[in-house]
Student: 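Attaching a single structure in structure tokens format; questions to follow.
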2 protein chains.
Amino acid sequence: MLLREGETPAEVATLVSGWAFRFKLLPDGRRQILSFLLPGDLIVFHSLHEEKLNFSVRTLTPVQVCAFDAAEFRSFLFDRPSMRRDMQVYCAAELTAATETITDLGRRLAPERLARFILVLEARLSRRRLAEQGVLPFPLRQEHLADTLGLTPVHVSRMLTQFRADGIVSVARNQLVIRNRNQLMNLAGMAMRS
Amino acid sequence: MLLREGETPAEVATLVSGWAFRFKLLPDGRRQILSFLLPGDLIVFHSLHEEKLNFSVRTLTPVQVCAFDAAEFRSFLFDRPSMRRDMQVYCAAELTAATETITDLGRRLAPERLARFILVLEARLSRRRLAEQGVLPFPLRQEHLADTLGLTPVHVSRMLTQFRADGIVSVARNQLVIRNRNQLMNLAGMAMRS
DNA sequence: CGTTGTTTTGAGATATGTCAACAGGGGTGG
DNA sequence: CCACCCCTGTTGACATATCTCAAAACAACG
């Protein structure tokens with residue numbers, strides 16, 4: 001466990017290696033995973049300018065982080081125009097991602113959500129050269145998928161076995177392979193317009 | 001209709017009076033409302049630093065807007081430290097709101113979602129002195145509620161009549177009154193500690 | 001090899017969706 | 001001022017996606 005909702009961390013950190021995820025816990029134990037953090041991501045970016053963290057963060061694999069003093073980091077950002085620009089872009093990107101997630105959870109069915117999740121994860125990993133040719137590292141348990149997609153672990157299991165049966169993906173321990181990208185994109189409602 | 005997804009608006013605007021909402025439309029017609037814009041809100045804040053808008057915006061009531069040249073506005077922001085700070089705070093707030101919405105859609109049942117929606121709407125309106133004592137202007141049709149909460153209009157209707165029957169709220173044309181705040185907060189899972 | 005944590009499978013339950021008919025309200029035109 | 005109409009909301013019967021519970025099969029791991 002890296003950070004707990006409600007804290008005011010004195011440090012800001014960057015994920016150097018490994019995976020983590022941001023999530024919220026409801027009083028009755030339900031959990032919603034907000035996003036996964038990959039190498040290169042700023043860990044508390046989302047609450048950089050809030051009093052208190054409004055989510056928790058937890059590691060998924062062993063990680064290496066690189067920490068900065070929070071106040072120092074903020075003023076550093078504040079003073080450097082190029083950094084400032086970067087942060088704004090980063091912020092816009094996060095808002096865009098959140099927007100997509102909201103649409104997924106509010107208006108898409110389970111198989112659609114799963115398909116999109118896989119595709120956007122692959123895209124993020126590819127950009128970092130962590131995935132090639134539809135082969136991605138995949139440290140998530142089905143419970144993580146469930147808590148990300150707003151589903152139940154058993155329903156995730158059923159959909160994954162369905163996906164496998166249809167030859168769309170294969171997922172072994174810690175590795176996911178996209179076997180039929182067309183079909184996956186169809187399911188995701190991402191038609192290829194040439 | 002104010003703005004369409006995919007556009008690159010040359011102007012940035014502030015909502016002076018009236019209500020609008022941001023939403024995404026899926027190819028098959030499903031719609032997800034992302035947020036409502038109230039007087040004082042920046043209309044394209046969420047895509048201020050993106051190439052293209054990744055959502056559409058539409059008015060809910062007649063509105064007055066105050067427009068600025070986008071490029072000018074950006075450099076204005078960029079140069080003024082106090083403005084910059086404001087934007088960062090605004091951005092953090094939006095991210096926090098998005099986080100809540102994701103949790104609502106992913107992990108809460110319909111009545112919970114509805115209760116919370118009403119309460120956070122009231123809070124936003126109160127801060128602007130647009131609501132007093134649990135009486136709020138309410139220009140939404142049930143279809144808007146449905147598209148916000150990831151539900152169906154008929155299910156929203158059922159829940160609202162239930163809420164009314166339980167004496168929790170009453171909603172007439174364009175006005176919603178919170179009649180039993182305790183019960184509403186319970187439903188919302190916002191227990192009052194102390 | 002046991003043990004513990006994860007995934008799979010099945011049967012049955014439930015929240016929410018669909019379809020369709022009806023009711024009310026408020027505008028519009030005659 | 002009335003009659004009509006369209007839009008929105010309501011209600012009922014039924015359909016379905018997803019959940020729950022529980023057991024069994026697997027996998028990882030000491």
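As the structure is a prediction and not an experimental result, all values here were calculated from the model. So that the names make sense, note that chain A is the first sequence line, chain B the second, and so on, each numbered from 1.
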Student: Quick one: on DNA chain C, does A:Leu140 or B:Arg173 contact a more 5' nucleotide (nearest heavy atom)?
Tutor: A:Leu140
Student: I'd like to know if A:Arg124 pairs up with A:Asp41 as an ion pair, taking the criterion as any Lys NZ or Arg NE/NH1/NH2 lying under 4.0 Å from an Asp or Glu carboxylate oxygen.
Tutor: yes
Student: Where do B:Glu11 and B:Phe73 land on the side chain to side chain contact (heavy atoms under 4.5 Å, CB included) test, with the steps shown first?
Tutor: CA-CA 9 Å; B:Glu11 295 187 325; B:Phe73 184 77; over 6 Å; no
Student: For the backbone of B:Phe45 and the side chain of B:Tyr90, can you confirm whether one donor and one acceptor N or O come within less than 3.5 Å of each other?
Tutor: no
Student: Shoot me the first and last contacting nucleotide of DNA chain D against chain B, ordered 5' to 3', at under 4.0 angstrom to non-hydrogen atoms.
Tutor: D:dT8 to D:dA13
Student: Give me the ring orientation class for B:Phe36 and B:Phe21: parallel if the planes are under 30° apart, tilted from 30 to 60°, perpendicular past 60°.
Tutor: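 Taking B:Phe21 first and then B:Phe36, their aromatic rings sit tilted (interplane angle of 30° to 60°).
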Student: Check each of B:Arg141, B:Arg58, B:Arg31, B:Arg22 against B:Asp147 using the salt bridge (charged side-chain N to carboxylate O under 4.0 Å, His left out) test, and report the only one that passes.
Tutor: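 Answer after filtering B:Arg141, B:Arg58, B:Arg31, B:Arg22: B:Arg31.
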Student: Is the number of heavy atoms from other residues, nucleotides or ligands within 6.0 Å of CD (B:Glu72) greater than 12?
Tutor: no
Student: Working to the nearest 0.5 Å, report the span between CG of A:Leu38 and CG of A:Leu60.
Tutor: 10.0 Å
Student: Each nucleotide N or O in nucleotides 14-18 of chain C that has a protein N or O under 3.5 Å away: list the pair and distance.
Tutor:
residue: C:dT16; atom: OP1; partner: B:Ala110; partner atom: N; Å: 2.9
residue: C:dG17; atom: OP2; partner: B:Thr152; partner atom: N; Å: 3.2
residue: C:dT18; atom: O4; partner: B:Arg158; partner atom: NH2; Å: 3.1

Student: Mark yes when over 12 heavy atoms from residues, nucleotides or ligands other than B:Arg128 sit less than 6.0 Å from its CZ; otherwise mark no.
Tutor: yes
Student: Rounding to an integer number of Å, can you tell me how far B:Arg141 CZ sits from C:dG26 C1'?
Tutor: 15 Å
